[in-house]
Amino acid sequence: MKHKIEALILQAIETLKSESVLDQDISPKIIVDRSRDPMHGDFATNIALMLAKLARLSPRQLAEKLITALPQNDVIIKVELAGPGFINFFIDPGFHFQVIKQIHSAGREFGLSQIGFGKKVQVEFVSANPTGPLHVGHGRGAAYGSVVADLLQAVGFDVHREYYVNDAGRQMDILATSVWLRYLEVCGEVLPFPSNGYRGDYIREIAWNIHKDSGTEYHKTASSVLENIPPDEPQGGDKEAHIDALIDRAKNLLGETGYREAFQIGLNTILGDIKDDLKEFGVDYQEWFSERQLLDDGSVDKALQRLQSGGHLYEQDGATWFASSRLGDEKDRVVVRENGQYTYFASDIAYHMNKLDRGFDRIVDIWGADHHGYIPRVRAAIAALGADEAKLKVLLVQFATLYRGDEKVQMSTRSGEFVTLRQLRNEVGKDAARFFYVMRRSEQHMDFDLKLATSHSNENPVYYVQYAHARVCSVLRQLTEKGLERNLQRGLDSLDLLIEEHEVNLVTSLGQYPEVLERAALQHEPHQLIQFLRELANEFHTYYNAHQFLVDDARLRDARLNLVCAVKQVLANGLGLLNITSPESM
RNA sequence: GCGCUUGUAGCUCAACCGGAUAGAGCACCAGCCUUCUAAGCUGGGGGUCGCAGGUUCGAGUCCUGCCAAGCGCGCCA
């Protein structure tokens, strides 16, 4: 409808151009908005205010001419000039009600569109290091990312969801070594645990399982492990040097293959947990992309060569630098360290080159807000690789500060003290958790009160929306119990009986659903969909309290049932996009 | 110190690429269940949109400065 009016205005402008009221070369952006106040009709445009200067007319004069030039059509019953020069459009109420027919025929498809034109878009999100289970901090990125991806798909993009697995690098070595040291404890060895190691119970579990499956295959004595290892921090040493020495010792004592095996078992176990968690949380990926693969298949080399040939690399202090400051970054960045190892950034350049080479029209990276300083260097890399950096869209998710009542919950992966996503899901349930996470704008800091979220009280707004759905189902059950049947066609033929204010409001809202989806998707703002669903639920509950649906008049009854079934359908569609269930009863 | 993000009702948050009288929920007060689920509805109080300038027909929204909070400024990931 919005687009229809936009088209009409455009025609009117063309007419005025041909009459030389407007210059030929102007091509204004037509903005049509839903009117907030019903007094102002259904839609409004400010186009006359925008173009008044160019037309050398007062806004109201121009609006007058535009209204006159508006082509004949069958949907607009009244056009008004208002205020400083707004043009308000009043839609034929009968036309509003046609949306009920559309909803009944489109069903689950209602609201979907093709404005994405099948463009290929890659969405990468969560990508947490596989060094421990996902915690509630990752939950927001998971919920947000998956809904952003689903929304883009709903409006016609070809979406590829991806998790970048950081299965290389020092953190993974620390993980493997932590597992091995715990394993040695299971074997009966007594040795101090490094302050920089991963201390979570899940490490012990993995160690225990390795011992169960492989016995003493990786067993070495404590003395051979600790011999000549520099002291840990609590003993006055350097914790980094200490853990690095332990990593080297593990590689020496276990040998390349032995170490690799232990490493792999740890990785597989944790990554497996992460995959399970996300799946249970309603998050599905098309691809789990391995960082190690980039290193192993020479992609990182290739990426650096490409930067080299473009003249973007230089040597200094024994390291290789990427001249990112020439491309908008604060300073240049090291890609190959003095010791010959690639930095994390090097593989990230390769990863983004890979994304570009796969032919995505758009690349969406969803990161925690603490990584915002990373954006300029990745943009610089994309530009240096010769690609259009506008293809990259980075969306930041602020961390949720966790509270239990008034008390702030402190979390640290290393110490193993955190609330896992699994715990949250078990306590709150998938529906409430997802709803809660996506309810606010992603850049907005968020207080997540576990006490509130875990309490199954009516304060949780997800129940409010779900309840509206369940109520419609309940009405339909009542209908059957009364021995009545719904006649769809009779209802559709009787839509003109829906004259109550509540009914008009509901139908108007239903008609907005496709616009809401479009906006939420293009602006990457799932909370707009939530907002809409809450409003729709509110209008339904109000209607429910004000009017009886199961009335004696069969025509009115069927018309109303068609309306509430349309509401049910849209609620289910919206909740479905959020991957939240639509219960038949509560 | 520099950079990014945020600042709206007592609390948590909305406000559609600048638009007409800034809206919800929670909390508070007063009402509504012999009628389709009261996890609901109706009404009420509650605001110098952080502060000060600027841009224009019009600013919570854009620009500048200041104040405050979070985050970031490694040859870590």
Side-chain angles (χ1 to χ4, degrees), chain A residues 2 29 31 33-37 39-40 44-46 49-50 52-53 58-59 82-86 88 129 131 166 168-172 174 240 291 316-321 330-331 333-339 341-345 347-348 368-376 396 398-399 401 439-441 443-447 449 452 456-464 466-468 470-479 481-482 512 515-516 518-520 522-523 525 527-528 530-532 534-535 537-538 540-551 560-561 564 585-586:
Chain A
K2 213 168 183 172
K29 202 169 186 185
I31 297 174
D33 283 328
R34 290 269 177 181
S35 302
R36 247 183 276 173
D37 188 338
M39 293 280 290
H40 299 139
T45 183
N46 60 354
L49 291 158
M50 308 277 288
K53 220 167 230 177
S58 79
F86 290 105
N88 294 332
N129 283 352
T131 53
N166 293 117
R170 184 159 168 273
Q171 293 306 318
M172 288 307 298
I174 296 176
E240 306 292 348
E291 177 188 7
Q316 189 180 310
D317 302 331
T320 305
W321 297 71
E330 284 179 4
K331 48 180 133 175
R333 309 289 173 179
V334 170
V335 287
V336 185
R337 283 183 262 176
E338 201 174 359
N339 64 10
Q341 295 206 310
Y342 294 119
T343 59
Y344 170 84
F345 182 44
S347 35
D348 227 23
D370 55 336
H371 285 68
H372 61 77
Y374 207 76
I375 297 173
L396 298 177
Q398 288 286 351
F399 282 126
T401 314
M439 198 164 55
R440 280 85 186 260
R441 253 171 53 233
E443 319 90 74
Q444 187 70 254
H445 295 102
M446 173 174 148
D447 290 342
D449 186 349
L452 180 71
H456 274 253
S457 76
N458 55 354
E459 286 169 22
N460 209 323
V462 66
Y463 297 127
Y464 185 80
Q466 289 181 319
Y467 184 44
R471 263 186 159 172
V472 178
C473 296
S474 175
V475 169
L476 295 176
R477 281 192 298 271
Q478 282 292 322
L479 179 78
E481 277 175 30
K482 288 187 176 180
Q512 284 175 251
E515 295 162 22
V516 170
E518 196 178 307
R519 209 167 62 223
L522 295 180
Q523 298 179 5
E525 292 188 345
H527 76 274
Q528 294 194 24
I530 297 232
Q531 199 82 356
F532 170 82
R534 294 175 76 172
E535 277 162 26
N538 176 28
F540 170 77
H541 287 310
T542 305
Y543 180 41
Y544 180 94
N545 275 275
H547 298 286
Q548 193 78 11
F549 308 153
L550 303 179
V551 292
R560 287 184 169 171
L561 287 174
V564 297
S585 67
M586 291 174 73

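Protein chains get the first letters and strands the later ones, always in sequence-line order, with residue 1 at the start of each. Here the structure is a predicted model, which is why all the values come from computation and not from measurement.
For the pair A:Q171 and A:N166, the minimum side-chain heavy-atom distance is 4.5 Å or more. For the pair A:Y463 and A:M586, the minimum side-chain heavy-atom distance is below 4.5 Å. Proximity of A:M50 to A:P59: side-chain heavy atoms (C-beta onward) are nowhere separated by under 4.5 Å. Counting only heavy atoms from C-beta outward, the side chains of A:V564 and A:F549 approach each other to under 4.5 Å. Side chains of A:V335 and A:W321 form no contact here, defined as non-hydrogen atoms less than 4.5 Å apart. A:M172 has its side chain within reach of A:T131: a pair of non-hydrogen atoms, C-beta onward, lies under 4.5 Å apart.
Residues meeting the side-chain hydrogen bond (donor to acceptor under 3.5 Å, both in side chains) test with A:R333, sequence neighbours left out: A:D329. Scanning for side chain to side chain contact (heavy atoms under 4.5 Å, CB included) contacts around A:A168 gives A:E291, A:R292, A:L295, with sequence neighbours left out. Taking A:L550 as the reference, A:V475, A:Q478, A:L479, A:K482, A:R557, A:L561 meet the side chain to side chain contact (heavy atoms under 4.5 Å, CB included) condition, with sequence neighbours excluded.
A:F345 comes within 4.0 angstrom of nothing in the nucleic acid, heavy atoms only. Among the heavy atoms of the strands, none lies under 4.0 Å from A:K482. The residue A:N88 sits close to a base: some heavy atom pair falls under 4.0 Å. Nucleic acid contact class of A:A82 (heavy atoms, under 4.0 Å, all strands): base. When heavy atoms are screened at a 4.0 angstrom cut-off, A:I375 is found touching no nucleic acid atom at all. Residue A:D370 is in sugar-phosphate contact alone, with no base atom involved, counting any heavy-atom pair closer than 4.0 Å across all strands shown. Residue contacts for A:A470: at a heavy-atom cut-off of 4.0 Å it reaches a base atom on one of the strands shown. Among the heavy atoms of the strands lying under 4.0 Å from A:D37 is at least one base atom, whether or not backbone atoms are also near. A:S585 comes within 4.0 angstrom of a nucleotide base, judged by non-hydrogen atoms across all strands. Within the 4.0 angstrom heavy-atom criterion, base atoms lie near A:Q548.
In this structure, A:Y544 atom OH and B:C33 atom P are separated by 15 Å, rounded to whole Å. Atom pair A:H40:NE2 and B:U21:P shows a separation of 8 Å (rounding to whole Å applied). Distance A:M39 CE to B:A20 P: 15 Å, rounded to the nearest Å.
Taking atom C1' on both nucleotides, B:C2 is separated from B:G45 by 46 Å, rounded to a whole Å. For B:A20 and B:G60, the C1' atoms lie 15 Å apart once the distance is rounded to whole Å. Across B:G10 and B:C16, the matching C1' atoms stand 29 Å from one another, rounded to whole Å. The separation of B:G65 from B:U61, taken at their P atoms, amounts to 16 Å, rounded to a whole angstrom. Comparing B:A52 with B:G70, their P atoms sit 24 Å apart, to the nearest whole Å. With both ends at atom C1', the span from B:G47 to B:A14 equals 15 Å, rounded to whole Å. B:C63 sits 16 Å from B:U56 when the P atoms are compared, rounded to a whole Å. Using atom C1' as the reference point in both B:G46 and B:U34, the two lie 38 Å apart (nearest Å).
Contact annotation: A:R534 does not reach the phosphate of B:G25 (side-chain N/O to OP1 or OP2, under 4.0 Å). Contact annotation: A:K2 side-chain N/O to B:C16 OP1/OP2 distance is not under 4.0 Å. Neither OP1 nor OP2 of B:C36 sits under 4.0 Å from any side-chain N or O of A:R560. At least one side-chain nitrogen or oxygen of A:K53 sits closer than 4.0 Å to the OP1 or OP2 atom of B:C57.
Under the 6.0 Å distance and 45° angle rule, A:R471 does not count as a cation-pi partner of A:F540.
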Every protein N/O lying under 3.5 Å from an N/O of nucleotides 41-47 of chain B:
| residue | atom | partner | partner atom | Å |
| --- | --- | --- | --- | --- |
| B:C41 | OP1 | A:Y464 | OH | 2.4 |
| B:C41 | OP1 | A:N538 | OD1 | 3.4 |
| B:C41 | O4' | A:N545 | ND2 | 3.0 |
| B:U42 | OP1 | A:T542 | OG1 | 3.3 |

Distances for protein N/O vs nucleotides 3-8 of chain B N/O pairs under 3.5 angstrom?
| residue | atom | partner | partner atom | Å |
| --- | --- | --- | --- | --- |
| B:G3 | N2 | A:H372 | NE2 | 3.0 |
| B:U5 | O2' | A:Q398 | NE2 | 3.4 |

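Counting distance only, with no hydrogens placed and no angle test, the side-chain atoms of A:R34 and the base atoms of B:C16 include no donor-acceptor pair under 3.5 Å.
Toward the 5′ end of RNA chain B lies the nearest nucleotide of A:A369, the other residue of the pair A:A369 and A:R170 mapping further downstream.
In this structure, B:C11 shows a glycosidic angle more than 90 degrees from zero, which is the anti conformation.
The aromatic ring of A:H527 does not sit over the base of B:A14; the criterion of centres under 5.5 Å apart with planes under 30° is not met. Between the side-chain ring of A:F86 and the base of B:A20, a stacking contact exists by the 5.5 Å and 30° definition.
Listed by first residue number, the stems of RNA chain B with at least three Watson-Crick or G-U pairs below 3.5 Å are B:1-7 with B:67-73, B:10-13 with B:23-26, B:28-32 with B:40-44, B:50-54 with B:62-66.
At a cut-off of 3.5 Å, with distance as the only test, no side-chain donor of A:Q531 or A:Q528 sits close to an acceptor on the other residue.
Electrostatic pairing of A:K2 and A:E518 does not count as a salt bridge here, judged by no charged N lying under 4.0 Å from a carboxylate O.
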